[in-house]
Protein chains: 2
Amino acid sequence: MAKKTKKSHDANSARLSVDELRRIFENAGLRLTHQRIMVYNAVVDSKEHPSAETIYEQLKKDIPTISLDTVYRTLSTLDRLGLIKRLQLFDYIRFEPDLSRHHHFICKKCKKIIDFHWPEIDGVSIPETLKSVGEVQDQMVEVRGICKECLAQEGGEK
Amino acid sequence: MAKKTKKSHDANSARLSVDELRRIFENAGLRLTHQRIMVYNAVVDSKEHPSAETIYEQLKKDIPTISLDTVYRTLSTLDRLGLIKRLQLFDYIRFEPDLSRHHHFICKKCKKIIDFHWPEIDGVSIPETLKSVGEVQDQMVEVRGICKECLAQEGGEK
DNA sequence: GCTGTTCATCGGAACAGTTCTTAATTAATA
DNA sequence: TATTAATTAAGAACTGTTCCGATGAACAGC
């Protein structure tokens with residue numbers, strides 16, 4: 001009753017079923033524990049690129065005994081298994097469930113991260129000079145600025 | 001004699017003269033101290049996106065009494081004045097002198113950061129959806145992969 | 001069912017990078 | 001030279017993250 005009904009998912013972060021999770025964990029020789037399921041679901045359901053701390057605070061409501069260490073370890077495990085993605089954009093490490101190619105708008109003020117897509121960029125082939133630098137595995141545009149909410153606040157508080 | 005002759009600069013990180021620095025500091029109501037000049041020069045001369053610790057270790061050779069705290073404070077000041085740029089891509093905070101638009105290749109293995117240019121990307125205009133998200137101030141492509149040196153090492157050590 | 005083994009978990013301690021504190025000293029500018 | 005900001009030293013504090021030793025749960029083979 002007091003529970004939030006948080007169900008709105010993007011196409012690219014649909015939650016895997018427990019059976020699918022079990023298969024992935026078993027293949028990796030790992031056990032699928034309650035905590036692991038809960039951490040996974042928390043990241044997938046979240047839209048705010050949460051930090052370990054955020055996930056921890058959230059899960060404590062349902063599992064009061066969960067430890068921060070477990071959250072950290074589990075997030076690492078999930079990242080290693082490719083189920084979520086680790087991001088380091090600021091002082092915090094954050095996690096996101098969207099594994100498809102996308103980019104980030106980062107508000108310099110409130111540090112909010114907003115995903116966006118940019119197909120025009122995704123189509124541009126990597127410059128020649130980069131090929132001699134190394135093997136490219138991943139690319140992402142990071143756009144920084146001030147988000148609408150912070151702009152409104154700035155204008156209002158003057 | 002034991003001094004390194006490190007003079008190769010990119011076009012975009014030409015060192016400001018002491019007079020130019022003085023003017024900038026004066027405008028900001030700050031004093032231009034020996035340490036500040038040295039820290040500034042160390043970043044501008046460096047090609048490796050150094051951390052505070054790296055700068056500190058380097059400067060100790062010339063100023064044995066310099067404190068790590070001063071390095072941290074000075075790097076912040078220089079960033080605030082727009083003379084260098086602060087980067088947080090990994091666990092360390094790093095600094096770079098190149099203020100022009102460029103992008104970063106980051107080696108996942110040795111954590112080296114290599115600058116590169118990508119004019120094709122710079123010309124692409126920002127997607128419509130972003131305009132409703134906020135005010136864009138800065139954009140940068142982050143490419144991750146394995147650099148040539150690490151690739152060679154990987155092949156060799158097998 | 002038991003028994004041992006293999007993990008995952010817990011709680012707290014440890015760690016690393018960064019910032020802050022206080023007081024004394026040094027050095028830049030008017 | 002006087003004023004005042006910046007630096008130093010030595011350490012504490014802080015924050016995010018990881019490690020450690022003990023405990024406990026789940027599973028395999030008997």
Side-chain angles (χ1 to χ4, degrees), chain A residues 18 21-40 42-43 49-60 62-81 83-84 86-95 111 113, chain B residues 18-40 42-43 49-81 83-84 86-95 111:
Chain A
V18 174
L21 280 182
R22 171 157 290 121
R23 200 175 33 74
I24 292 169
F25 271 82
E26 265 171 17
N27 279 351
L30 298 171
R31 291 177 185 167
L32 184 60
T33 63
H34 181 52
Q35 287 85 343
R36 285 175 170 170
I37 297 171
M38 295 295 278
V39 170
Y40 170 74
V43 177
H49 307 74
S51 66
E53 190 70 38
T54 309
I55 295 288
Y56 173 59
E57 290 301 331
Q58 202 177 307
L59 287 186
K60 270 207 293 195
D62 291 322
I63 318 175
T65 62
I66 199 168
S67 77
L68 183 56
D69 190 37
T70 295
V71 173
Y72 270 107
R73 258 184 302 97
T74 305
L75 287 167
S76 281
T77 305
L78 292 171
D79 177 46
R80 192 153 34 83
L81 294 177
L83 294 169
I84 63 174
R86 171 191 299 249
L87 289 178
Q88 173 128 25
L89 301 171
F90 276 118
D91 33 2
Y92 301 110
I93 292 171
R94 310 222 197 172
F95 298 86
K111 320 234 152 166
I113 302 170
Chain B
V18 173
D19 283 349
E20 290 170 304
L21 279 182
R22 171 158 288 118
R23 200 176 33 75
I24 292 168
F25 272 82
E26 263 173 18
N27 279 351
L30 298 171
R31 289 178 182 174
L32 184 61
T33 65
H34 181 51
Q35 286 85 343
R36 286 175 169 171
I37 297 171
M38 295 295 276
V39 170
Y40 170 74
V43 176
H49 308 73
S51 67
E53 190 70 40
T54 308
I55 295 289
Y56 173 61
E57 289 303 329
Q58 200 177 308
L59 286 185
K60 271 208 294 196
K61 292 174 200 153
D62 292 321
I63 318 173
T65 62
I66 198 168
S67 75
L68 181 56
D69 194 36
T70 296
V71 173
Y72 271 107
R73 258 184 301 100
T74 306
L75 288 168
S76 281
T77 305
L78 292 171
D79 176 48
R80 191 155 33 85
L81 294 177
L83 294 169
I84 63 175
R86 171 191 296 249
L87 289 179
Q88 174 127 25
L89 301 171
F90 277 117
D91 31 0
Y92 300 109
I93 294 171
R94 310 216 197 176
F95 298 87
K111 322 236 148 165

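Since the structure is predicted, the reported quantities are computational estimates derived from the model, not experimental observations. Numbered from 1 within each chain, the chains take letters A, B, ... in sequence-line order.
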First of A/Thr33 and B/Glu26 reached from the 5' end of DNA chain C, by closest nucleotide: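 On the 5' side of the pair lies A/Thr33.
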
Tell me whether the side-chain N/O atoms of [X] come closer than 4.0 Å to OP1 or OP2 in [N].
| X | N | value |
| --- | --- | --- |
| B/Gln35 | C/dT26 | no |
| A/Thr70 | C/dC10 | yes |
| B/Arg36 | C/dA28 | no |

Round to the nearest Å and state the distance from [X] atom [atom1] to [N] atom [atom2].
| X | N | atom1 | atom2 | result |
| --- | --- | --- | --- | --- |
| B/Leu78 | D/dA6 | CG | P | 13 Å |
| B/Leu30 | C/dA27 | CG | P | 19 Å |
| B/Lys111 | C/dA16 | NZ | C1' | 14 Å |
| B/Leu75 | C/dG17 | CG | P | 15 Å |
| B/Ile66 | D/dA9 | CD1 | C1' | 14 Å |
| B/Leu21 | C/dT29 | CG | C1' | 17 Å |
| B/Ile55 | C/dG17 | CD1 | P | 16 Å |
| A/Lys60 | C/dG11 | NZ | P | 10 Å |

Minimum heavy-atom distance B/Leu68-B/Ala52, with the two atoms named: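 Reported closest heavy-atom pair: CD1-O, 4.4 Å.
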
query: Going 5' to 3' along nucleotides 14-29 of chain D, which nucleotides have protein heavy atoms under 4.0 Å from the base (write B), which only from the sugar-phosphate (write S), and which from neither (write -)?
result: --SBBBB---------

Any donor-acceptor N/O pair, [X] side chain to [Y] backbone, under 3.5 Å:
| X | Y | answer |
| --- | --- | --- |
| B/Arg36 | B/Arg31 | yes |
| A/Gln88 | B/Leu89 | no |
| A/Thr70 | A/Ile66 | no |

task: With sequence neighbours left out, write down each residue that passes side-chain hydrogen bond (donor to acceptor under 3.5 Å, both in side chains) with B/Thr54, or none if nothing qualifies.
output: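 With sequence neighbours excluded, B/Thr54 shows a side-chain hydrogen bond (donor to acceptor under 3.5 Å, both in side chains) to B/Ser51, given in chain and number order.
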
Pair B/Asp19 + B/Arg23, salt bridge at N-O below 4.0 Å: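 Salt bridge flag = no for B/Arg23 with B/Asp19.
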
field: Minimum side-chain heavy-atom gap A/Arg86-A/Ile93 below 4.5 Å
entry: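 Result yes, sub-4.5 Å side-chain heavy-atom pair found.
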
